[in-house]
Amino acid sequence: MNIAIDGPAGAGKSTVAKLVAEQLEYLYIDTGSMYRALAWAVITKQVDVEAEQAVSDLLKQNHITLKRDTDNQQHIFWNDEDVTDRIRTPEVSKFASVVASYAPVREQMLVLQRELAVAGNVVMDGRDIGTHVLPDAEVKIFLTASIRERAERRLQELLQKGHQTDLAALEAEIAERDKRDMEREVAPLRQADDAVLIDTTGMTIPQVVERILEICKRSG
Ligand code: C5P
């Protein structure tokens, strides 16, 4: 069985997807981290983010890989470089949604993501998993929450990591990223027709996980 979890920025997808994967002993795949790794490389290698071809070539000429360490934590590599801790900044978030709007970039990511899911039993989260990457996934979830709640959750995450920011700036950043993700031409963020909508506003993480596990049980 494959489980697709999509939704806007900060809806709690990765936290919840990781826990669901642990419970079911499935492989968790965070597709956002792949777009983030490319964005990190664009910034670090000083590639013009507006130059679609150059960004696509950068991806073509390098390797993004996901590996698990001994603690079962997922690490993301750009070639041999572990970039896991460097891709969670607001700057990378913004660049990620720009590079993710390019068709040749998405085509390459789609191939990589399908390869990762080929053996089955994966929980994959992103924006277009239920609609494009794994349209045959047995369980599809669309997770959302109010923009205020999503910004507050992101604020706590960033503060814990020592990044300075404020709620209003985060709300604006999330709104801008959602808009870009929903309005792009290729594989925009939208709920698949057969996905179950879960609004996590006011819900705890264990409640959301429980809800998804119930849905999996019904489908399994
Ligand atoms: O999920 P996360 O916030 O880490 O994703 C970063 C960005 O990558 C998103 O804003 C979106 O533009 C892009 N993305 C995407 N398709 C996916 C996963 C992420 O376009 N499947």
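Whatever order the structure lists ligands and atoms in, that order sets their numbers, starting from 1. The chain is numbered in sequence order, starting from 1.
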Using a 3.5 Å distance criterion without hydrogens, assess whether the side chain of [X] forms a donor-acceptor pair with backbone atoms of [Y].
X	Y	value
Asp6	Leu189	no
Thr200	Met203	no
Arg86	Asp82	yes
Arg36	Ala96	no
Lys13	Asp125	no
Arg184	Ala187	yes

Using atom types as modelled, flag every donor-acceptor pair under 3.5 Å from a side chain in residues 104-111 to any protein atom, sequence neighbours excluded.
unit_1 : atom_1 : unit_2 : atom_2 : d
Arg106 : NH1    : Ala100 : O      : 2.7
Arg106 : NH2    : Tyr35  : OH     : 3.3
Arg106 : NH2    : Asp128 : OD1    : 3.4
Arg106 : NH2    : Asp128 : OD2    : 2.9
Gln108 : OE1    : Lys60  : N      : 3.3
Gln108 : NE2    : Ser56  : O      : 3.2
Gln108 : NE2    : Ser56  : OG     : 3.2
Gln108 : NE2    : Pro104 : O      : 3.3

Tell me, please: is [X] in heavy-atom contact with ligand 1, that is, under 4.0 Å?
X	answer
His132	no
Arg180	no
Gln113	no

Go through ligand 1 atom by atom and flag the ones less than 4.0 Å from a non-hydrogen atom of [X].
X	result
Arg88	4 (O)
Arg36	2 (P), 3 (O), 4 (O), 6 (C)
Ser97	10 (O), 12 (O)
Asp181	9 (C), 10 (O), 11 (C), 12 (O)
Ala100	12 (O), 13 (C), 20 (O)

If we only count N/O pairs under 3.5 Å, is [X] in contact with ligand 1?
X	value
Arg177	yes
Tyr35	no
Asp30	no

What protein heavy atom sits nearest atom 16 (N) of ligand 1, and how far off is it?
Arg106 NH2, 3.0 Å

Look at atom 21 (N) of ligand 1 and say which protein heavy atom is nearest, naming residue and atom and giving the distance to 0.1 Å.
Asp128 OD1, 2.8 Å

Answer with yes or no whether the side chains of Tyr26 and Asn2 bring together a donor and an acceptor at under 3.5 Å.
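There is no such pair between these side chains.
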
Residues that Gln53 engages under side-chain hydrogen bond (donor to acceptor under 3.5 Å, both in side chains), provided they are two or more places apart
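Per chain and number, Gln53 pairs via side-chain hydrogen bond (donor to acceptor under 3.5 Å, both in side chains) with Asp57.
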
Judged on heavy-atom distance to atom 1 (O) of ligand 1, which of Met124, Glu176, Arg127 sits nearest?
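Nearest heavy atom to atom 1 (O) of ligand 1 lies in Arg127.
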
For atom 18 (C) of ligand 1, tell me which residue out of Asp125, Thr31, Val186 has the closest non-hydrogen atom.
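Looking at heavy atoms only, the winner is Thr31.
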
Taking all non-hydrogen atoms of both residues into account, name the closest pair between Asp178 and Pro8 and its distance.
OD1-CB, 3.5 Å

